[in-house]
Amino acid sequence: MSSADPFADLLAANARYADDFSLAGFDGVARAGVAVVTCMDSRIDPLGMIGLVPGDAKILRNPGGRVTDQVLVALVLGTNLLNVDRVLVVHHTRCAMASRSEEELQAEIGRLQGQDATWMSLGVITDQVQSIRAEVAKVRSHPLIPDTVAVGGFLYDVDTGLLEPVD
């Protein structure tokens, strides 16, 4: 990485990507009718893990794969305007958001930054299966998401690549 431009390598890669760019003029709908809510963890390839490619799905990522207010806004837009008729809520094994307490994560961040971090809610997950069920229920019960939308919860194993349905 260049100290003069910390983004030079990424911009060079982008230029190569743009040479063969195939989504020009695409209308932005989810061609496969899918939205995936998952964690920001870099071990997760949200499209690849379900056999899709760019343009097929809406991908919504955040720490822990939580169905936040903003995720609900995106799902309302996706299900009403962008062809989404299936929603996958995907948490994963060995997730930092599910492996430590709120206090432990706040303490670690505070230690690294040399300041108090207890004021910031991080939203740890104490029970992944219960959390997945609750997140799915949020989507299913939203008044602006049609009842015809299929919503499923899954736990992704970062060591095998397999999705396990959570009912």
Side-chain angles (χ1 to χ4, degrees), residues 1 3 6-7 9-10 13 30 32-54 56-80 82 84-147 149-167:
M1 178 170 62
S3 61
F7 301 102
D9 60 329
L10 302 176
V34 172
V36 178
V37 180
T38 194
C39 187
M40 60 188 251
D41 192 295
S42 58
R43 295 170 289 185
I44 300 170
D45 175 1
L47 292 171
M49 74 180 178
I50 53 176
L52 300 180
V53 296
D56 285 347
K58 299 301 179 188
I59 307 298
L60 309 165
R61 298 181 83 150
N62 61 49
R66 306 306 293 271
V67 177
T68 63
D69 288 345
Q70 283 306 112
V71 165
L72 285 169
V73 168
L75 292 175
V76 165
L77 292 169
T79 58
N80 284 281
L82 300 170
V84 171
D85 60 10
R86 293 180 287 171
V87 177
L88 291 83
V89 176
V90 182
H91 291 205
H92 68 92
T93 58
R94 296 196 296 123
C95 182
M97 296 304 291
S99 63
R100 296 196 229 169
S101 72
E102 186 88 6
E103 294 76 20
E104 289 170 327
L105 284 177
Q106 289 168 331
E108 179 68 6
I109 291 166
R111 183 188 67 75
L112 291 168
Q113 291 304 309
Q115 60 180 304
D116 176 49
T118 59
W119 57 269
M120 185 175 199
S121 175
L122 302 173
V124 299
I125 300 167
T126 56
D127 180 330
Q128 282 187 299
V129 170
Q130 184 279 332
S131 178
I132 292 168
R133 288 179 179 144
E135 305 291 2
V136 166
K138 282 184 202 176
V139 179
R140 286 184 178 153
S141 65
H142 196 283
L144 299 177
I145 295 176
D147 292 340
V149 173
V151 184
F154 303 87
L155 184 64
Y156 176 74
D157 188 318
V158 297
D159 295 309
T160 67
L162 292 173
L163 283 171
E164 177 185 336
V166 172
D167 45 321

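For Pro146, the side-chain contact (heavy atoms from CB on, under 4.5 Å) partners at least two apart in sequence or on another chain are Thr79, Asn80, Thr148, Val149. Applying the side-chain contact (heavy atoms from CB on, under 4.5 Å) test to Leu77 and every residue at least two apart in sequence or in another chain returns Val73, Leu81. Every residue was checked against the salt bridge (charged side-chain N to carboxylate O under 4.0 Å, His left out) condition with Arg86, not counting sequence neighbours, and none meets it. For Pro63, the side-chain contact (heavy atoms from CB on, under 4.5 Å) partners are Met40, Met97, not counting sequence neighbours.
Looking only at side-chain heavy atoms (C-beta outward), Val34 and Ile50 come within less than 4.5 Å of each other. With contacts defined as side-chain heavy-atom distances shorter than 4.5 Å, the pair Arg61/Ile59 qualifies. Between Ser121 and Glu102, the closest side-chain pair of non-hydrogen atoms falls below 4.5 Å. In this structure the side chain of Cys39 never reaches within 4.5 angstrom of the side chain of Asn62, judged on heavy atoms. Contact check for Ile125 versus His91: side-chain heavy atoms found under the 4.5 Å cut-off. Between Val139 and Ile145, some side-chain heavy-atom pair lies under the 4.5 Å cut-off.
When all heavy atoms of Ala57 and Leu47 are compared, the pair lying nearest together is CB-CD2, 3.9 Å. Nearest approach of Tyr156 to Val90, heavy atoms of both residues: CB-CG1, 3.7 Å. Minimum heavy-atom separation, Pro46 to Thr38: CG-CG2, 4.2 Å. Nearest heavy atom pair, residue Ala30 against residue Val84, reads CB-CG2, 3.9 Å. For the pair Gln128 and Cys95, the tightest heavy-atom approach, listed with the atom from each and the gap, is NE2-CB, 4.0 Å. The nearest pair of heavy atoms linking Ile132 to Phe154 is CD1-O, 3.4 Å.
Listed by first then second residue, pairs satisfying side chain to side chain donor-acceptor pair (under 3.5 Å) with a partner in residues 111-120 read Glu108-Arg111, Asp116-Thr118, not counting sequence neighbours. Listed by first then second residue, pairs satisfying salt bridge (charged side-chain N to carboxylate O under 4.0 Å, His left out) with a partner in residues 36-50 read Asp41-Arg43, not counting sequence neighbours. Among residues at least two apart or in separate chains, side chain to side chain donor-acceptor pair (under 3.5 Å) pairs with a member in residues 157-167 are Arg94-Asp159. Residue pairs meeting the salt bridge (charged side-chain N to carboxylate O under 4.0 Å, His left out) criterion with at least one partner in residues 119-128, sequence neighbours excluded, are absent. Among pairs with a residue in residues 133-146, those fulfilling salt bridge (charged side-chain N to carboxylate O under 4.0 Å, His left out) read Arg66-Glu135, Glu135-Lys138, at least two apart in sequence or across chains.
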Before giving the answer on side chain to side chain contact (heavy atoms under 4.5 Å, CB included), spell out for His92 and Ile44 the whole-Å C-alpha distance, their side-chain angles and the decisive distance to 0.1 Å.
CA-CA 9 Å; His92 68 92; Ile44 300 170; 3.5 Å; yes
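In this structure, the separation between CG on Leu122 and CZ on Arg100 is 10.5 Å, given to the nearest 0.5 Å. In this structure, CG on Leu155 lies 8.5 Å from CG on Leu163, to the nearest 0.5 angstrom.
Although no hydrogens or angles enter the test, the distance criterion places a donor-acceptor pair under 3.5 Å between the side chain of Thr93 and the main chain of Val158.
Counting heavy atoms of neighbouring residues, nucleotides and ligands inside a 6.0 Å radius, atom CD of Gln70 does not exceed 12 of them.
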